[in-house]
2 protein chains.
Amino acid sequence: MTSSNNRNTKQRMLLLECFNESKGKHMTVDELYAIAKSKYAEIGIATVYRNVKYLLEQNLIKKVDLPNSLPYYEISVSNEEHSHHHLICRECHKIVDFEDDLLESVENIIEKAKNFKITDHRVVFYGICSNCKPKKESKK
Amino acid sequence: MTSSNNRNTKQRMLLLECFNESKGKHMTVDELYAIAKSKYAEIGIATVYRNVKYLLEQNLIKKVDLPNSLPYYEISVSNEEHSHHHLICRECHKIVDFEDDLLESVENIIEKAKNFKITDHRVVFYGICSNCKPKKESKK
DNA sequence: TGTATAATGATAATCAATATCAATAGTGAA
DNA sequence: TTCACTATTGATATTGATTATCATTATACA
């Protein structure tokens, strides 16, 4: 193969930069497009879609699938798998991360019961976040 | 209000019947449409979408959101919440149900750590189902 | 049985995502 | 550096799922 199969175009570098700058945040394609466009107005939406796909394949970003919403994307934590969960507030729709996994023993039970080798999981918890909880008011 | 706000049309009854007949199975809208059409060829796809929405509002069916796929719908278990999990095989893409919840203690930990009141959750496990696992062959 | 209007079926509109294609610009070789 | 190859881009058409529109039909109550 003579020429490289992954060229570092300025659009691609820019998009990766956008992900890097928003560490720990999720973005939809449209949000990413808006941020990228503010830095380089010529960029096209198709390029954003294509590079999101490319960065996913390179494992540089991760897809976050949440029910009833467009997919989010976030920068990968290069370390290791680092499986974390998402808590979605039903009031303000904010997404809170929870860093620990905690599902090992649950997975063991399921694996034995169903003879199903679990390799991965996606978990979303719904509820009310700390901000939206009624504060402990004094009575009346 | 003079007239009823939910009329029992034959299309609506038919669709509910389709759900009842496929107890414990999930269906996409297109699958449901195909089944309904085989019993009543005049039914339109828009009617299927409208009644899926209606039946969801009535809590007669449940939406099952799985990553990277169209939403599935299944009949509700009237009993109680009956939260069960879905195991998706990465080989054959079959969806296996797991009846128990098992997440109470995990939820308690998260609730305390994040001061987040959990009301609900959606969990998907990925892996290899029993059919797709290599059988325990004799050596070589 | 008559009537108001919810529901239907056909189809247009919308929206996210992908495909197409001519023009551009990285990249390795000379 | 320059050249040539071709991956990538941007604009736009296309696709596929879902929703909106609207004239027509049919359910349910009086």
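Letters A, B, ... are given to chains in the order of the sequence lines, protein chains preceding strands, and every chain is numbered from 1.
Partners of B:R50 under the salt bridge (charged side-chain N to carboxylate O under 4.0 Å, His left out) rule, at least two apart in sequence or in another chain, do not exist in this structure. Residues that satisfy the side chain to side chain donor-acceptor pair (under 3.5 Å) test with B:D100, not counting sequence neighbours, are absent from this structure. Scored by the salt bridge (charged side-chain N to carboxylate O under 4.0 Å, His left out) test, A:E21 finds A:K39 as partners (sequence neighbours excluded). By the salt bridge (charged side-chain N to carboxylate O under 4.0 Å, His left out) test, A:E107 is found to be paired with no residue, residues two or more places apart in sequence or in another chain being considered. For the ring pair (Phe, Tyr, Trp, His ring centres under 6.0 Å) test, residues two or more places apart in sequence or in another chain that qualify with A:H86 are A:H26, A:H84. With sequence neighbours left out, A:F98 forms a ring pair (Phe, Tyr, Trp, His ring centres under 6.0 Å) with no residue at all. Scanning for salt bridge (charged side-chain N to carboxylate O under 4.0 Å, His left out) contacts around B:K117 gives B:E111, with sequence neighbours left out.
Rounded to whole Å, the distance from CG on A:N6 to P on C:dG26 is 15 Å. Rounded to whole Å, atom P of C:dT5 lies 19 Å from atom CG of B:N8.
Judged by distance alone, with hydrogens and angles left aside, the side-chain atoms of A:R12 form no donor-acceptor pair with the main-chain N or O of A:N51 at under 3.5 Å. The backbone N or O of B:D97 sits less than 3.5 Å from a side-chain atom of A:K114, completing a donor-acceptor pair.
Just one residue in the list A:L32, A:I35, A:L60 forms a side chain to side chain contact (heavy atoms under 4.5 Å, CB included) with A:F19, and that residue is A:L32.
Of the residues in residues 25-51 of chain B, those placing a heavy atom less than 4.0 Å from an atom of DNA chain C are B:Y40, B:E42, B:I43, B:G44, B:A46, B:T47, B:R50, B:N51, in numerical order. Residues from residues 10-19 of chain B placing a heavy atom under 4.0 Å of any atom in DNA chain C, listed by number, are B:Q11, B:R12.
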Strictly under 3.5 Å: I want the nitrogen or oxygen pairs between protein and nucleotides 12-15 of chain C, one per line.
none

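Applying the 4.0 Å criterion to OP1 and OP2 of C:dT8, one finds that B:T9 has a side-chain N or O inside that range.
Cluster partners of A:V124, using a side-chain heavy-atom cutoff of under 4.5 Å among ILVMFWY residues and allowing indirect links, are A:V64, A:L66, A:Y72, A:I88, A:I95, A:Y126.
Helix bend of the helix from C:dT1-D:dA30 to C:dA30-D:dT1: the angle between its two end axes, each built from five pairs, comes to 40° after rounding to 10°.
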